Amino acid sequence: MSNLINGKELAQKIRNGLKDKVVEIKNKGINPKLAVIMVGEDKASKVYVKNKSKACEEIGIDFEEFLLDENTTMEELLGLIEELNSREDVHGILLQSPIPNHLDINKAFNAINYKKDVDGFNPVNVGKLSIGQDCFISCTPFGVIRMLEEYNIPIEGKNAVIIGRSNIVGKPLIQCMLKKNATVTVCHSRTQNIEQITKQADILIVAIGKAKFVTEDMVKEGAVVIDVGINRNDDGKLVGDVDFENVEKKASYITPVPGGVGPMTIAMLMTNVVKAAENFMNENE
Ligand code: NAP
């Protein structure tokens with residue numbers, strides 16, 4: 001039976017800590033603010049944005065939402081980003097994905113000033129992460145690292161296996177785990193004999209989006225298992241990429257879904273907004 005990594009509880013602890021920091025920043029005359037841009041009417045995005053706005057409200061961060069019509073042109077989107085880049089009262093800018101297909105999301109991410117890029121998707125932040133410089137780290141990988149730290153799970157010298165190589169989760173995780181001196185192996189859809197690799201993992205991080213992909217026989221006894229996946233099973237229930245019921249018997253630590261990595265993502269977004277406001281304050285002292 002493994003120890004449960006309680007992301008919900010940890011995320012609340014982080015949010016509570018941020019409340020105090022926000023009070024300190026406000027006392028120095030700065031009101032931290034997050035601006036969120038949404039283009040079109042994506043149902044899931046609306047829920048995500050609502051959750052972000054609630055978290056901001058709880059912590060004391062100002063929140064401004066920009067809902068653009070689905071026929072918005074690239075010029076209009078870039079114009080809004082430019083305006084938000086130049087506004088001194090806005091410290092963090094987030095472009096909610098997905099955006100309609102006629103728009104170039106990478107061009108939009110590139111346009112966000114890297115100092116306000118609280119999602120960590122601008123190539124400047126991605127590059128800084130890869131060379132170990134201070135930067136904004138994409139919120140989900142950042143949350144995974146924070147979990148491991150908070151549970152005092154040793155990373156240095158450990159075999160870390162990451163399944164998934166997306167730009168928002170898998171790739172930044174490679175850099176984060178390398179920085180922590182893990183020996184990192186990355187698996188993806190073309191990896192052969194994946195179970196031979198995952199069985200070597202002291203820390204196994206799974207981010208692929210396939211329900212219950214990781215089964216008990218793929219995991220080493222005593223491994224730490226972090227499940228980033230969010231999927232719906234046939235009954236409409238939220239499940240991760242790991243077969244939790246069976247893998248938890250073998251793992252030393254494991255994250256549940258829901259209540260694991262998910263809540264950490266928003267807590268780390270809030271952390272990044274507060275950091276952006278602090279950076280602004282220090283630069284303008
Ligand atoms: P993504 O962009 O679709 O990337 C999936 C990755 O998994 C790809 O690198 C893909 O390999 C790999 N993959 C797919 N099938 C595989 C297989 N059978 N064997 C090995 N690798 C396989 O997904 P993502 O955005 O990283 O998200 C992954 C999961 O995490 C999703 O369930 C998503 O909902 C969840 N997620 C959760 C949070 C959170 O806050 N908890 C945040 C973000 C994402 P290729 O590169 O070869 O195609």
Side-chain angles (χ1 to χ4, degrees), residues 4-12 14-15 42-45 47-52 54-55 94-99 105-106 109 118-121 126 129 136-148 160-177 184-201 204-215 217-219 225-233 236-244 247 254-272:
L4 202 67
I5 299 183
N6 189 333
K8 202 174 165 196
E9 203 176 272
L10 184 53
Q12 188 59 58
I14 292 168
R15 295 208 301 267
D42 185 79
K43 243 183 168 180
S45 292
V47 177
Y48 295 142
V49 170
K50 182 119 191 63
N51 289 340
K52 287 166 190 172
K54 271 199 219 154
L94 184 151
L95 173 62
Q96 184 66 46
S97 68
I99 60 175
I105 198 156
N106 288 325
F109 286 145
V118 286
D119 249 345
F121 294 162
V126 176
L129 179 64
F136 289 110
I137 304 173
S138 173
C139 303
T140 302
F142 193 15
V144 169
I145 296 299
R146 186 70 182 268
M147 277 179 146
L148 296 171
V161 174
I162 300 163
I163 319 184
R165 57 173 168 177
S166 69
N167 288 344
I168 64 164
V169 188
K171 282 187 189 141
L173 264 173
I174 300 169
Q175 300 301 342
C176 293
M177 293 302 279
V184 182
T185 307
V186 189
C187 302
H188 45 78
S189 66
R190 318 288 163 86
T191 301
Q192 294 180 2
N193 300 323
I194 200 164
E195 64 285 349
Q196 298 303 324
I197 301 168
T198 58
K199 270 198 263 183
Q200 306 298 316
L204 178 62
I205 308 174
V206 196
I208 61 176
K210 291 207 157 47
K212 299 191 177 188
F213 178 86
V214 170
T215 49
D217 53 320
M218 294 170 74
V219 177
V225 180
I226 308 289
D227 189 352
V228 179
I230 302 176
N231 314 286
R232 291 226 176 251
N233 69 8
K237 214 180 122 198
L238 276 190
V239 292
D241 289 344
V242 174
D243 179 7
F244 182 87
V247 172
I254 189 165
T255 60
V257 177
V261 176
M264 291 298 290
T265 299
I266 289 194
M268 301 324 283
L269 172 67
M270 298 297 114
T271 304
N272 280 346

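For the single chain, residues carry numbers from 1 onward in sequence order. Order of appearance sets the numbers: ligands from 1, and atoms from 1 within every ligand. What you see is a predicted model, and the numbers here were worked out from it, not measured in a lab.
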Legend entry - Beyond-backbone contact of Val247 with Thr215, side-chain heavy atoms, under 4.5 angstrom: no
Inset, instruction - Heavy-atom cut-off of under 4.0 Å around ligand 1: list whichever protein residues fall inside it, by chain and number. - result: Thr140, Ile163, Gly164, Arg165, Ser166, Ile168, Val169, His188, Ser189, Ile194, Ala207, Ile208, Gly209, Lys210, Phe213, Val228, Gly229, Ile230, Asn231, Val261, Gly262, Thr265
For residues 164-172, dump all side-chain donor-acceptor pairs below 3.5 Å to protein atoms at least two apart in sequence or in another chain.
residue, atom, partner, partner atom, Å
Ser166, OG, Val169, N, 3.1
Asn167, OD1, Lys171, NZ, 3.1

Legend entry - Distance (rounded to the nearest 0.5 Å) between Ile266 CD1 and Ile14 CD1: 12.5 Å
Legend entry - Residue pair Asn233 / Val239, side-chain heavy-atom distance below 4.5 Å: yes
Inset, instruction - List for me each residue that meets side chain to side chain contact (heavy atoms under 4.5 Å, CB included) alongside Glu9, sequence neighbours excluded, and say none if there are none. - result: Asn6
Inset, instruction - Among residues two or more places apart or on two chains, list those pairs meeting salt bridge (charged side-chain N to carboxylate O under 4.0 Å, His left out) that have a residue in residues 136-148. - result: Arg146-Glu150
